[in-house]
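For reference, the structure discussed in these notes is given below.
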Amino acid sequence: MEPNPPVSLHQALASFDALWSPRIVTTVNDYDVRVARVAGEHVWHAHDHTDEFFLVLDGELRIALREPAGERTVVLPKGSVFTVPRGTEHRPSAPDGASILMFEPSGTLTVGDRHDELPDHVDATTGRALG
């Protein structure tokens, strides 16, 4: 096996069914590149020390944000990117399901440093290995 083989995002996403449970596809410096299947709502949470980058690979992702000016929702169709600034409470959701790619420091917990009570369908993880 190659020490650093190319990764097919399509195959990576096809290798698991769990929702809201990102898989690490590669690392860049001290950052994980993670893919996830999502559907329904995640949980309100915030990352106090890092921004969170989202790329929608398939479907549509919505990110509700609690900002000083009030609450708003950003709608991200396939191919869109968005960065949630550090410290901003947010809740991703995908009513019809989506596949996403996230870029964040290795060891970042998927439910942030602060979060609401976790429902059963949300995996609190720092990313799981593929396969």
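Since the structure is predicted, the reported quantities are computational estimates derived from the model, not experimental observations.
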**Prompt:** Is a side-chain donor-acceptor pair under 3.5 Å present for Ser106 with Asp32?
**Reply:** yes
**Prompt:** CD of Glu71 to CD of Glu89: how many Å apart, nearest 0.5 Å?
**Reply:** 9.0 Å
**Full working for side-chain contact (heavy atoms from CB on, under 4.5 Å) between Asp51 and Val84** = CA-CA 6 Å; Asp51 300 335; Val84 175; over 6 Å; no
**Message:** I'd like to know whether CD of Gln11 has more than 12 heavy-atom contacts from other residues, nucleotides or ligands below 6.0 angstrom.
**Reply:** no
**Prompt:** If two hydrophobic side chains count as joined below 4.5 Å and joins carry through other members, does Leu101 share a cluster with Val7?
**Reply:** yes
**Message:** Classify the ring geometry of His90 against His45: parallel below 30°, tilted from 30° to 60°, perpendicular beyond 60°.
**Reply:** tilted
**Item:** Test item: Pro22 and Met102 side chains (from C-beta on) under 4.5 Å apart, heavy atoms
**Value:** yes
**Message:** Applying side-chain contact (heavy atoms from CB on, under 4.5 Å) to Val25 and Arg34, what does each step give before you reach the verdict?
**Reply:** CA-CA 6 Å; Val25 294; Arg34 304 173 185 177; over 6 Å; no
**Verdict with reasoning, Leu57 to Ile100, per side-chain contact (heavy atoms from CB on, under 4.5 Å)** = CA-CA 5 Å; Leu57 300 170; Ile100 61 174; 5.9 Å; no
**Message:** Between Glu60 and Lys78, does any side-chain N to carboxylate O distance fall below 4.0 Å?
**Reply:** no
**Prompt:** Which distance, rounded to the nearest 0.5 Å, do you find between the OG1 of Thr108 and the NE2 of His47?
**Reply:** 7.0 Å
**Fill in**
Distance col, row Trp20:CH2 vs Arg37:CZ, nearest 0.5 angstrom, shows 13.0 Å
**Pro92 side chain reached by Leu61 side chain, heavy atoms, under 4.5 Å** = yes
**Asked** Do you reckon Leu19 sits in the same ILVMFWY cluster as Val35, going by side-chain contacts under 4.5 Å, direct or chained?
**Response** no
**Message:** Has Arg86 got a side-chain atom pairing as donor or acceptor with Asp48's backbone, closer than 3.5 angstrom?
**Reply:** no
**Message:** Hydrophobic clusters here meaning ILVMFWY residues chained together by side-chain heavy-atom distances under 4.5 Å, can you tell me if Val38 and Phe82 are in one?
**Reply:** yes
**Prompt:** Looking at Phe16, is Arg23 sitting on its ring face, NZ or CZ under 6.0 Å from the six-membered ring centre and within 45 degrees of the normal?
**Reply:** yes
**Request:** Heavy atoms only: give me the nearest Thr50-Pro105 pair and the separation to one decimal.
**Result:** OG1-CD, 3.1 Å
**Prompt:** Would a hydrophobic clustering, with Ile, Leu, Val, Met, Phe, Trp and Tyr connected at side-chain separations under 4.5 Å, put Val81 with Val28?
**Reply:** yes
**Asked** Do the side chains of Ile63 and Phe103 join up, straight or via other hydrophobic residues, at under 4.5 Å, putting them in one cluster?
**Response** no
**Worked check of side-chain contact (heavy atoms from CB on, under 4.5 Å) between Leu130 and Ser15** = CA-CA 8 Å; Leu130 275 177; Ser15 72; 3.7 Å; yes
**Prompt:** What's the spacing between Arg91 CZ and Arg66 CZ if we round to 0.5 Å?
**Reply:** 7.5 Å
